[in-house]
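Quick caveat: nothing in here was measured; it's all calculated off a predicted structure.
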Amino acid sequence: MPLRIATWNVNSVRQRLDHLARFCERYEPDVLCLQEIKVQTEDFPLEKLQDMGFPHAVVHGQKGYNGVAILSRRRIAAPRKEVWCARDDCRHAAVTVGGIELHNFYVPAGGDVPDPKQNDKFAHKLQFLGEMAAWAQKDKLAERKAVIVGDLNVAPLEHDVWNHKRLRRNVGHTPVEAEHMARLWAAGGLTDVARYFVPEPEPLYTWWGYRFAQSVAKNYGWRLDHVLVTPPLKNRLKSLEIVRETRTWEKPSDHVPVVLDLK
């Protein structure tokens, strides 16, 4: 059957319930993957999401920070919550739905200084990305029907940011982070779905920061949110849409939804 998967860093699920309802009413995803829910698992507004049509869920949350959730209209199997870098900071949840293994990630942002010796947050980010690549290789992810979605906090390609020359020394767009992403792609035989449909050098963004008020108007964006699929699913790719309009809604998340359609 066709399957529509949406991924969205909502930057606090309880603050974006109206936005979620508005988005889901229009796009009707079968599965909704959320990052940065910023709420403990037991306080997640599950009933509100059930009212939006998602009776099945796995939530991996903590108070005030991080957290991921997978909500589904279809029955899910094998729900699990994974721990990375020996820290239970709620950055990965996975399910099987419609015979497809679905992984929802929120990779550490990495702080401001792109030096792992000076910045523990950047070291954590690189370790996390390295462990993801090692996992994909060890578990032979490329042989399975799998989708990886989420805020991976890396804009790996030149036109994934609004100004490559200006930003290539900024965390999120450094060469070492791009190399880690490339290793992940290679380890899982992964297709970068957004760039499958919209190749370089076309600019492509999913995040516009809060710090500069004109970031959306001037299109000062980054592509931090990703959809990746393994080889057995490549021939099922139908479309991918970045829903930029949500960034213009009142009190928006700084990220926008990304919607994948599988044939």
Side-chain angles (χ1 to χ4, degrees), residues 1-7 30-35 56-60 66 68-70 72 74-108 123-157 160 176-197 199 223-240 258 260-263:
M1 292 178 65
L3 186 68
R4 173 169 286 186
I5 301 169
T7 177
D30 297 302
V31 187
L32 179 63
C33 297
L34 304 178
Q35 304 89 42
H56 310 288
V58 55
V59 180
H60 193 193
N66 308 334
V68 292
I70 301 175
S72 180
R74 300 188 189 179
R75 189 176 301 277
I76 61 175
R80 52 206 182 276
K81 308 171 185 180
E82 305 290 350
V83 174
W84 297 78
C85 304
R87 302 189 193 187
D88 191 5
D89 52 357
C90 305
R91 295 183 178 274
H92 179 207
V95 301
T96 299
V97 57
I100 292 172
E101 190 177 323
L102 175 60
H103 296 270
N104 180 20
F105 280 96
Y106 177 46
V107 171
H124 179 209
K125 181 178 191 175
L126 297 184
Q127 181 186 358
F128 197 105
L129 291 167
E131 287 190 9
M132 286 179 68
W135 155 74
Q137 183 75 46
K138 181 181 178 181
D139 285 14
K140 298 181 179 180
L141 191 69
E143 299 177 7
R144 308 204 299 270
K145 293 179 180 179
V147 179
I148 292 175
V149 303
D151 177 4
L152 304 189
N153 262 314
V154 181
L157 305 178
D160 289 342
V176 67
E177 291 166 281
E179 290 168 7
H180 275 71
M181 281 286 284
R183 290 189 194 114
L184 172 61
W185 293 337
L190 298 167
T191 295
D192 178 3
V193 180
R195 286 303 183 186
Y196 175 84
F197 288 109
R223 185 170 73 104
L224 300 177
D225 305 271
H226 296 266
V227 174
L228 311 169
V229 301
T230 54
L233 290 178
K234 189 173 182 179
N235 65 353
R236 286 187 60 183
L237 293 174
K238 180 181 179 181
S239 66
L240 183 133
V258 181
L260 168 70
D261 277 303
L262 295 175
K263 293 183 282 189

Taking the side chain as every heavy atom from C-beta outward, state whether [X] and [Y] have any pair of such atoms under 4.5 Å apart.
X: Glu101; Y: Leu141; result: yes
X: Cys33; Y: Leu102; result: yes
X: Arg223; Y: Pro156; result: yes

Closest non-hydrogen atom pair, [X] against [Y]:
X: Val58; Y: Ala94; value: CG1-O, 4.4 Å
X: Ala69; Y: Val59; value: CB-CG2, 4.2 Å
X: Pro231; Y: Ala142; value: CD-O, 3.4 Å
X: Val97; Y: Ser72; value: CG2-OG, 3.9 Å
X: Ala187; Y: Ala133; value: CB-O, 3.3 Å

- Message: I'd like to know whether Leu262 forms a side chain to side chain contact (heavy atoms under 4.5 Å, CB included) with Leu237, so could you lay out the CA-CA distance, the side-chain angles of the two residues, the decisive distance to 0.1 Å, and finally the verdict.
- Response: CA-CA 5 Å; Leu262 295 175; Leu237 293 174; 3.9 Å; yes
Within this structure, what is the [atom1]-[atom2] distance for the pair [X] and [Y], rounded to the nearest 0.5 Å?
X: Lys125; Y: His180; atom1: NZ; atom2: NE2; result: 10.5 Å
X: Leu157; Y: Met181; atom1: CG; atom2: CE; result: 8.0 Å
X: Glu131; Y: Glu82; atom1: CD; atom2: CD; result: 11.5 Å
X: Leu129; Y: Glu179; atom1: CG; atom2: CD; result: 12.0 Å
X: Leu190; Y: Ile148; atom1: CG; atom2: CD1; result: 5.0 Å

- Decide yes or no on salt bridge (Lys or Arg N to Asp or Glu O under 4.0 Å) for Arg4 and Asp30, but give the supporting numbers first. CA-CA 5 Å; Arg4 173 169 286 186; Asp30 297 302; over 6 Å; no
- Check the pair Leu152 / Leu224 against side chain to side chain contact (heavy atoms under 4.5 Å, CB included), numbers first and verdict last. CA-CA 6 Å; Leu152 304 189; Leu224 300 177; over 6 Å; no
- Heavy atoms of other groups near Lys145 NZ, more than 12 under 6.0 Å: no
- Inspect the surroundings of CZ in Arg74 and state if more than 12 heavy atoms from other residues, nucleotides or ligands are less than 6.0 Å away. yes
- Message: When you measure from the side chain of Thr230 to the backbone of Ala146, do you find a donor-acceptor pair of N or O atoms at a distance under 3.5 Å?
- Response: yes
- Message: Given Leu260, which partner from the list Val227, Thr7, Leu228 fulfils the side chain to side chain contact (heavy atoms under 4.5 Å, CB included) test?
- Response: Val227
- Looking at Leu34, Ile76, Val31, which hits side chain to side chain contact (heavy atoms under 4.5 Å, CB included) with Ile70? Val31
- Given Asp151, Asn104, Asn153, Asn66, the one that forms side-chain hydrogen bond (donor to acceptor under 3.5 Å, both in side chains) with Gln35: Asn104
- Message: Does the plane of the ring in Phe105 sit parallel, tilted or perpendicular to the ring in His103? Use 30° and 60° as the thresholds.
- Response: parallel
- Does the pair Asp160 and Arg195 meet the rule for a salt bridge (Lys or Arg N to Asp or Glu O under 4.0 Å), with working shown? CA-CA 10 Å; Asp160 289 342; Arg195 286 303 183 186; 2.8 Å; yes
- Message: Let's go through Val107 and Met132 carefully: what are the C-alpha distance in whole Å and the side-chain angles of both, what is the deciding distance for side chain to side chain contact (heavy atoms under 4.5 Å, CB included) to 0.1 Å, and is it a yes or a no?
- Response: CA-CA 10 Å; Val107 171; Met132 286 179 68; 3.9 Å; yes
- Task: Show your reasoning for whether side chain to side chain contact (heavy atoms under 4.5 Å, CB included) applies to Leu126 and Glu177.
- Result: CA-CA 7 Å; Leu126 297 184; Glu177 291 166 281; 4.1 Å; yes
- Pairs involving residues 224-238, ordered by first then second residue, that meet salt bridge (charged side-chain N to carboxylate O under 4.0 Å, His left out) (sequence neighbours left out): none
- Would His92 and His60 count as having a side-chain donor-acceptor pair, cut-off 3.5 Å? no
- Are Trp185 and His226 near enough that their ring centres are under 6.0 Å apart? no
